[in-house]
Amino acid sequence: MQKEFLQTYINQNFEATLELLRSLCHIPAPSHKEHDRAKFCKNWLEDNGAKGVYIDEALNVIFPLNCENSNEITVLAAHTDTVFPDMEPLPYQEDEEKIYCPGVGDDTASLAVLMMTAKFFIENQIHPSKGILFVCNSAEEGLGNLKGTRQLMKDYAGKIAQFITLDSNLNVMNTQCVGSHRYRVEVTTEGGHSFQKFGNPNAIAVLSDIISNIYQLQVPQLADTRTSYNVGTIEGGTSVNTIAQNASMLCEYRSDNKEALSIMQEKFENIFASAEADGIQIQVEKIGDRPCARQVDVDRLNTLISSCHKIIEEVICEPLILKSASTDCNIPLSLGIPAICIGVYRGAGSHTREEWVEKKSLKQGLEVALRVATLF
């Protein structure tokens, strides 16, 4: 499609894109609680002429375009949830150059670009021969555990040829997925009064030993692989003069290599098991499982990467950074479906309350999304 035609649409709809972003920013959407934002996205798409839009049981908003009887569908997605638990509107500010709001970049700006891309297809009556699914998907962040994309892959099993998610800065493309396992570990003991029952096992002390053992682990030293681990939260205890009966933590390990992930699983489970003793109960719950890639057709994946790589570098006029990351791509890649994550904005402060995006960068982001979407 001619670049001039795309630029006309971008210029004519730039203010509408910013206004859409403003509206989305004012709708709280923690993982698993994206109901209001999902309803807004569905209504907006329908108001702009989309037919057949629906919200599935995972709170994905799905707009199928010419997907009937196709088993070579392209998915273009952006996630609706933010990492923040707030159910009240998040603090919002803007000036001439930037919009400031927690979650504005990850992934609300991408969501706005996705929706404006769908609008372009509707207005210009573009019906891709093999079909496109425009998906505003749920539950990408943290303990969302990629619920939305899991549901999408289940419902469209055998029909999806490739998957592209919008979820990064413009100069970054994620071409490999990082798998992870996440646990909630709870320690329970008899506890008691700090003086009268001195010597009883203390749940906090036991949990501290577990954490200390985790942080003495050596990660697998496999070629071209990166592995990490982290304890993210700890809580427990009753008072300063009470031997803690209960303490818990959230922890994870992650890697872009399936073998390394298995090695870390064995190491963590050994540490958990070794902490069990008389009077000490250890309860371990796996609360997150993001798979690594397996059996992906390398030629098809490289074709997808190179096609999008060329477009993005032409638009941003700078070298693209290729990275590994944990995104919605983990699920299709684990099923052997080529998938990449591309960026459509410039900003900083992701996962902090100081997050911001540069307004004018959305012009480049929309051009990237339009040119990528019209490839298929």
Side-chain angles (χ1 to χ4, degrees), residues 9-51 53-55 59-63 76-123 134-141 144 148 165-168 343-347 349-351 353-370 373:
Y9 176 82
I10 293 166
N11 292 332
Q12 290 177 346
N13 288 274
F14 178 59
E15 288 302 324
T17 304
L18 293 179
E19 189 56 38
L20 174 58
L21 177 55
R22 294 180 185 109
S23 297
L24 290 166
C25 281
H26 285 87
I27 305 172
S31 302
H32 305 298
K33 298 179 181 179
E34 305 95 330
H35 304 75
D36 290 344
R37 194 175 277 196
K39 183 178 179 180
F40 174 89
C41 292
K42 180 177 184 289
N43 291 341
W44 187 94
L45 287 166
E46 291 176 334
D47 289 345
N48 282 276
K51 305 296 183 184
V53 185
Y54 66 97
I55 299 176
L59 296 179
N60 294 318
V61 182
I62 300 174
F63 170 36
L76 191 66
H79 66 85
T80 55
D81 60 322
T82 71
V83 74
F84 302 95
D86 310 52
M87 288 305 296
E88 296 296 323
L90 291 157
Y92 178 96
Q93 291 182 339
E94 68 174 281
D95 55 30
E96 289 297 317
E97 296 182 353
K98 298 176 181 177
I99 293 176
Y100 306 83
C101 183
V104 63
D106 186 9
D107 196 31
T108 312
S110 303
L111 182 60
V113 168
L114 173 76
M115 294 165 69
M116 293 303 296
T117 302
K119 179 175 181 282
F120 173 82
F121 275 70
I122 298 164
E123 285 187 357
F134 293 96
V135 183
C136 310
N137 68 275
S138 66
E140 189 274 346
E141 295 289 2
T165 187
L166 313 180
D167 190 5
S168 188
V344 291
Y345 68 90
R346 293 186 189 273
S350 177
H351 287 209
R353 293 183 181 269
E354 292 72 43
E355 189 171 5
W356 57 267
V357 299
E358 183 185 74
K359 291 181 183 179
K360 67 179 182 181
S361 69
L362 296 185
K363 285 190 174 183
Q364 288 186 325
L366 188 51
E367 182 179 354
V368 165
L370 289 171

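Owing to the predicted nature of the structure, the values given are computational and were not obtained by experimental measurement. Along the sequence shown, residues are numbered consecutively beginning with 1. Side chains included, hydrogens not; waters and symmetry mates left out as well; all remaining heavy atoms used.
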side-chain hydrogen bond (donor to acceptor under 3.5 Å, both in side chains) with R22: which residues, sequence neighbours excluded?
E19, E94
Separation between OG1 (T17) and CD1 (I10), nearest 0.5 Å, reads 9.0 Å
How long is the straight-line distance from OG1 of T82 back to CG of L24, given to the nearest 0.5 Å?
11.5 Å
Heavy-atom side-chain contact between V357 and L21 under 4.5 Å
yes
What pairs with K119 under side-chain hydrogen bond (donor to acceptor under 3.5 Å, both in side chains), at least two apart in sequence or on another chain?
N13, E123
Measure the acute angle between the ring planes of H26 and Y92, then classify it against the limits of 30° and 60° as parallel, tilted or perpendicular.
tilted
Mind checking the OG-CZ spacing from S23 to R37? Nearest 0.5 Å is all I need.
10.5 Å
About how many Å separate CG of L366 and OH of Y9, when rounded to the nearest 0.5 Å?
6.5 Å
Other residues, nucleotides, ligands: >12 heavy atoms within 6.0 Å of K33 NZ:
no
Quick one, D107 with E140, criterion side-chain contact (heavy atoms from CB on, under 4.5 Å). Give me CA distance, side-chain angles, the key distance, then yes/no.
CA-CA 10 Å; D107 196 31; E140 189 274 346; over 6 Å; no
Can any side-chain N or O of T108 pair as donor or acceptor with the backbone N or O of G103 at less than 3.5 Å?
yes
Student check: side-chain heavy atoms of E141 and D106 closer than 4.5 Å
yes
Dump the intermediate steps for side chain to side chain donor-acceptor pair (under 3.5 Å) on E34 and H79, then the final yes or no.
CA-CA 10 Å; E34 305 95 330; H79 66 85; over 6 Å; no
Does the side chain of C101 reach to within under 4.5 Å of the side chain of P91, using non-hydrogen atoms?
no
Please step through side-chain contact (heavy atoms from CB on, under 4.5 Å) for the pair F134 and V53, ending with a clear verdict.
CA-CA 9 Å; F134 293 96; V53 185; over 6 Å; no
Measure the NZ-CD1 distance between K359 and I99 for me, rounded to the nearest 0.5 Å.
5.5 Å
In Å, rounded to the nearest 0.5 Å, how long is the span from OG1 of T80 to CG of N60?
7.5 Å
Spell out, as yes or no, whether a donor-acceptor pair under 3.5 Å connects the side chain of D86 to the backbone of E88.
no
